[in-house]
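First the structure, in the form of structure tokens, and then the observations on it.
We count ligands from 1, going down the list as the structure has it; atoms in each ligand are counted the same way.
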Amino acid sequence: MEKLSNTYRIVEKCRICGGTSLVPYLDLGLIPLVNNYLKSSDLGKEEIKLPLKILYCAQCSLSELSIVVNPEILYRNYFYRSSVSRTFRDHCFAFAEECAKRFNLTKDDLIVDIASNDGCTLKEFKKFGVRVLGVDPAINLAKIANAEGIETLAEFWNEETAKMILNKFGKASIINAMNVFAHVDDLNPFLEGIQILLKDDGVFTIEVPYLLNFINKKEFDTSYHEHLSYFLVRPLTYLFKKYGMEIFDIKKLTIHGGSIRVYIKMEINKTTKVDTDSIKWLLELEKDLGLHTILVYLNFSHNVRRIKDELLAFLKLLKDRGKIIMAYGASAKGTVLLNYCGIGKDYIDYIIDDTPEKQGYFAPGTHIPIVDSSYLKSKKPDYLLLLAWNFAEELIVKTQDYKNSGGRYIIPIPDIMVI
Ligand code: JHZ
Ligand code: ZN
């Protein structure tokens, strides 16, 4: 892999197949780093904004960002807390329960979670009496998880980290990587780390947003500088083979706008049954929907420009009628949506977010203040733009008082919907 410059490097070949026929299909312009929430004292300073462009690999169908930002800049201090969403906590519990039953986990089994965030997933695994260990480069998050009893190393995942864990804890029965595989530039040290630490009959699971949903539901705002790869099953099958690994099951999930969970084993493990149907079914679906050729992607890009025009026109209409608009969820995708569409403080007065670490800060690029949910009562908005549209149901349930007093919701993706 090419060397990282201080801020970013330009992608010249596909990170999975090495192909150089990379066709650009989405260009969102200059977008700020989504995790770069600002303090009031930062507001006058120059903010880093970088090109956000997606390329399609004509050889293996991976979609990938045209640049790679230095991970030291992105991940050492991370504001996102996985455990803020009840929907996500439930999702983690269901996964832990499934693993405990399906893989007959006992107290001797070690579960390692990569990008363990605030310990959200491991807390659920712990309920089943197994040994757990988290790994996350964010020093602030590792501190929180450790304080809450989830042992966590503040490290990036690679061979060195794997060796260190092997020496201290022994091999792992399950290594889980949720919402991080798409964030990794060089998959070589990442997968070599798995080879080092995973038991021969162990299971490696990843969860990634599914490119099929990204395209079909026009989820363009889930592209940001952290998301380097946008996966289909096709490039994944190719990738794991190179490392003596094999996919043995894939599940389609609704979380985060549509994801897939991929279950991987070592090829030498011949006891675990391979569910070829689940893999073949998705591969055929991708092909039938045209996702293994460029045309669908170019059409997607056209739809994205339409969403921008329609959303702006709708918000303008509301403002002309004197309506107060606020937003819910200072999410990464919210920052992309607002910046790409050019929606700033002239439209949205405040963004509500229940993450204590985000409150009191200002959203990247737009500088809209991030506040707690008491603002819903005190400022009485007419409309709430749901920037965490993937959790719309949960947000609507928790704001019933607002709804009952006549408040309306705007869901921007896949098409503008007002509730
Ligand atoms: P949310 C995240 O992206 C982070 P984001 C990450 N980049 C990733 O890979 C994807 O997910 C998959 C708030 N909220 O989860 C919390 C409430 O305040 O949609 C969050 O700030 N109250 C690693 O940031 C935001 O909304 C609530 O009740 O785009 C949600 O962000 C709920 C449900 C959420 O993902
Ligand atoms: Zn490729």
Q. Checking ring-ring contact (aromatic ring centres under 6.0 Å, His included) for the pair F88/F391: CA distance, chi angles, key distance, verdict?
A. CA-CA 9 Å; F88 191 71; F391 293 127; 7.4 Å; no
Any idea which atoms of ligand 1 are less than 4.0 Å away from a heavy-atom of [X]?
| X | result |
| --- | --- |
| T355 | 16 (C), 21 (O) |
| H227 | 7 (N), 8 (C), 9 (O) |
| G329 | 26 (O) |
| L395 | 22 (N), 27 (C), 28 (O), 32 (C) |
| H183 | 7 (N), 9 (O), 23 (C) |
| E226 | 7 (N) |

Q | Under-2.8 Å neighbours of the Zn ion (ligand 2), protein N/O/S atoms only | A |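 Under the 2.8 Å cut-off, the count stands at 4.
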Quick one: do [X] and [Y] make a salt bridge, cutoff under 4.0 Å?
| X | Y | result |
| --- | --- | --- |
| E72 | R76 | yes |
| D42 | K45 | yes |
| K398 | D354 | yes |

Q: Tell me, with the steps shown, if E97 and K127 meet salt bridge (charged side-chain N to carboxylate O under 4.0 Å, His left out).
A: CA-CA 9 Å; E97 189 179 39; K127 291 177 184 164; over 6 Å; no
Q | F220 ring center near F300 ring center (under 6.0 Å) | A | no
Identify the protein heavy atom lying closest to [atom], giving its residue, its atom name and the separation to 0.1 Å.
| atom | result |
| --- | --- |
| atom 22 (N) of ligand 1 | D354 OD2, 2.6 Å |
| atom 31 (O) of ligand 1 | S331 CB, 3.4 Å |
| atom 28 (O) of ligand 1 | K398 NZ, 2.7 Å |
| atom 11 (O) of ligand 1 | H256 CE1, 3.5 Å |

Q) Are Y224 and ligand 1 in contact, using a heavy-atom cut-off of under 4.0 Å? A)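 In this structure, Y224 qualifies as a contact of ligand 1 - some heavy atom is under 4.0 Å.
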Q. Got a sec, which residues hit side-chain hydrogen bond (donor to acceptor under 3.5 Å, both in side chains) with T222, two or more places apart in sequence or on another chain?
A. none
Q: Quick one: list whatever passes side-chain hydrogen bond (donor to acceptor under 3.5 Å, both in side chains) with Y37, sequence neighbours left out.
A: K358
Q: Please work out which of Y37, F181, F391, Y80 has its closest non-hydrogen atom nearest to atom 2 (C) of ligand 1.
A: Y80
(Q) Enumerate the side-chain hydrogen bond (donor to acceptor under 3.5 Å, both in side chains) contacts for residues 404-419, please, sequence neighbours excluded, ordered by first and then second residue. (A) K218-D415, T399-Y409
